[in-house]
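What follows is a set of notes on a single structure, which appears directly below.
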Amino acid sequence: NLSEKLNTVFKKLRGHGTLSEANIEEALKEVRMALLEADVNFKVARDFIDSVKVKAMGSEVMQSLTPGQQMIKIVRDELASLMGGVVSPLDTAARPPIAIMLVGLQGSGKTTTAGKLARLLKSKGKKPFLVPADVYRPAAILQLKRLGEQLGINVYDSNAGDDPLNICREAFRAADRGGYDYIILDTAGRLHIDDELMQELSAIKIAISPSEILFVADAMIGQDAVNVAKAFDERLNLSGVILTKLDGDARGGVALSVKAVTGKPIKFIGVGEKLDAFEPFHPDRMASRILG
Amino acid sequence: VLGRKRIDEDLYDELEEILVTSDLGVQTSYRLIEKVRERLRRGESDDAGLVKAYLKEEILTILKSTGNAIDTGRGKPFVIMVVGVNGVGKTTTIGKLASKYNAEGKSVLLCAGDTFRAAAIEQLEVWGERAGCGIIKHKEGSDPSAVLFDAIKAAKSRGTDILIADTAGRLHTKTNLMEELKKTRRVVEREVSGAPHEILLVLDATTGQNAVSQARLFKEAVEITGIVLTKLDGTAKGGVVVSIVDELKIPVKFIGIGEGVEDLRHFEPSEFVEALF
Ligand SMILES: Nc1nc2c(ncn2[C@@H]2O[C@H](COP(=O)(O)OP(=O)(O)OP(=O)(O)O)[C@@H](O)[C@H]2O)c(=O)[nH]1
Ligand SMILES: Nc1nc2c(ncn2[C@@H]2O[C@H](COP(=O)(O)OP(=O)(O)OP(=O)(O)O)[C@@H](O)[C@H]2O)c(=O)[nH]1
Ligand SMILES: [Mg+2]
Ligand SMILES: [Mg+2]
């Protein structure tokens, strides 16, 4: 692991007196490798190493008896601070029904996450309304209805022959009349390069003006994460990100890549298939996980 | 001379970036580039044009090292199990395979083995209708091995050519779920000699290095005969299969290039390598 690799690097340099810039660079190469193995984007990793080099050249590392440990501490703290910052929780102040729109690639966990969000809101005494806006995937509407039944949460009766924009508009009116606090729009998975489907999302955004547009991303996504996140963010101006399937062993470098390239906060993480497997995002835990 | 050497280093950096950003992984990219450097040293050449060509050759050699055909005539019913982590495209791929084999004049039966996830059975039913083939299902929550047992019985009595078994998505790190998969596989072995004839691991092309861990653990649990690499219609390159073929010797048999029933292709190594660059 990284800790052992850095110790090896510094051990063989130990006998040569004080550490030099070249020594630090060699150690940083190991850090960069660890980031790439964790699926952090190539350019994001390079920029991160450049920015952390200045701190790594400081006396904390250079004069430490355990330079490897000191370097890991600096790197981990820097990672955590980049991914953290002020996390705005879900909007609670807007006029109800507060709309939350879930978007992302195919299979990332949007429908399941819609259920999880609804469950969380209900547990806080709110009245959420679930809206199936995926008319393409076979049995997608049924999937969300089943989740709603499991949770005792109402689901708009979308018709698969209808247009997602109409569904969202009608559902919003129904939520308004029904006195719901939140309306959660589950959209179909789509490619960021599918212009027509990306346009569909823009149209829904214009019609509904959601308080939250959350990008749902699979924690195991690789280098392509920045292309996807950037495209969704440029189209929709995301309010946040949800990372799913963190109950696996994916290192989750996407967390750093997405934050670096969009600046948007990661608000929640999915940690299982059950609807209660949902937690707030902890940047320090994520930093340790990425470093392995 | 020094000026020329500098250009080569930039070229190698550029190639490292291409390989890593295509998800080949930093270790595999490094190994491949070192092999190319060695070939150039031995050939005493420093022709920049050769570097890329040698690199493509090295990757192609790896990808072609395993056969990738499926001979469905080997058994009747020919049993295909489809496995993989959550959301990668198993159910959709089964719909595409069923349609393909149906069009080839084979009789196909589907087994709704995902008895856990909401509306998983109904989703496969729609694909069965699209592909024009039957489906064996129990109600949600039943034992997946029991459904497959019934499906095998039905396939035998109907004289079905090909039985394709859907399974629930599961993370490879969940030991109890992997045990459930092993149990399902044993049911097939017991009931049909030589089966399961194919166990296809579905991998999402957008997945990074975690795909290697997925392939390794699924192979250890149930033995994988082939990979289906889905969602190649996006911008991800799926380069992680290079490490998987190289280290685990599992061939890539099909690729998914869209959400429609026709969007399945046989894996073509040279097309794949060209798309990387
Ligand atoms: N292990 C695990 N599985 C998850 C998690 N979130 C979702 N899943 C599973 O991932 C798979 C895909 O989830 P869906 O909710 O259908 O994904 P989706 O984004 O709505 O898919 P599309 O609508 O087709 O784009 C399902 O098997 C879910 O049970 C998670 O946090 N952990
Ligand atoms: N663009 C694209 N989408 C795909 C492809 N294959 C599957 N999908 C989509 O990916 C999503 C998940 O597909 P499923 O077939 O439900 O995946 P699964 O592995 O069965 O999911 P679970 O059973 O929940 O684990 C759906 O929205 C599919 O339409 C592909 O090749 N390209
Ligand atoms: Mg969905
Ligand atoms: Mg499925």
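Protein chains get the first letters and strands the later ones, always in sequence-line order, with residue 1 at the start of each. Worth knowing before you read on, the calculation uses all heavy atoms, side chains too, and leaves out hydrogens, waters and symmetry mates. Given the structure is predicted, the values throughout are model-derived calculations rather than measurements.
- Listed in order of number, the residues of residues 231-243 of chain B that approach chain A to under 4.5 Å between heavy atoms are B/Lys231, B/Asp233, B/Gly234, B/Thr235, B/Ala236.
- For the atom pair A/Phe42 CZ and B/Leu19 CG, the distance stands at 9.5 Å (nearest 0.5 Å).
- Both the backbone and the side chain of B/Val20 come within contact range of chain A, judged by heavy atoms closer than 4.5 Å.
- For A/Leu144, no part lies near chain B; criterion is any non-hydrogen pair under 4.5 Å.
- Distance check, rounded to the nearest 0.5 Å: CD of A/Glu273 to NZ of B/Lys174 gives 6.0 Å.
- Between B/Glu16 and A/Arg46 there is no salt bridge, since no side-chain nitrogen of the basic residue lies less than 4.0 Å from a carboxylate oxygen of the acidic one.
- Residues of residues 115-123 of chain A placed with any heavy atom under 4.5 Å of a heavy atom in chain B are absent; none qualify.
- Proximity to chain A (any heavy atom under 4.5 Å) is shown, for B/Glu125, by neither the backbone nor the side chain.
- For A/Asp249, the parts lying under 4.5 angstrom from a heavy atom of chain B are both the backbone and the side chain.
- Considering only heavy-atom pairs separated by less than 4.5 Å from chain A, the leading option among B/Val126, B/Val85, B/Thr206 is B/Thr206.
- Of the atoms belonging to A/Ile193, it is side-chain heavy atoms, and not backbone ones, that fall under 4.5 Å from chain B.
- Proximity to chain B (any heavy atom under 4.5 Å) is restricted, for A/Arg137, to the side chain, taken from C-beta onward.
- Within residues 208-216 of chain B, the residues having any heavy atom less than 4.5 Å from a heavy atom of chain A are, in residue-number order, B/Gly208, B/Gln209, B/Asn210, B/Ser213, B/Gln214.
- The 12-atom threshold is exceeded at CD of A/Gln150, counting heavy atoms of other residues, nucleotides or ligands nearer than 6.0 Å.
- If you measure heavy-atom distances from A/Asp194 to chain B, you find no contacts under 4.5 Å at all.
- For NZ of A/Lys43, the number of neighbouring non-hydrogen atoms (other residues, nucleotides, ligands) closer than 6.0 Å is 12 at most.
- For B/Phe116, the part sitting under 4.5 Å from any heavy atom of chain A is the side chain, from C-beta outward, and nothing else.
- For A/Leu142, the parts lying under 4.5 angstrom from a heavy atom of chain B are both the backbone and the side chain.
- Using modelled atom types and a 3.5 Å distance limit, the side chains of A/Gln106 and B/Glu259 yield a donor-acceptor pair.
- Rounding to the nearest 0.5 Å places CG of B/Leu171 at 7.5 Å from CE of A/Met220.
- Under the rule for a salt bridge (Lys or Arg N to Asp or Glu O under 4.0 Å), the partners of A/Asp157 that lie at least two apart in sequence or sit in another chain are A/Lys145.
- Note that the CG atom of B/Asn86 and the OG atom of A/Ser108 stand 12.0 Å from one another [nearest 0.5 Å].
- Side chains of B/Glu122 and A/Gln143: no donor on one and acceptor on the other come within 3.5 Å.
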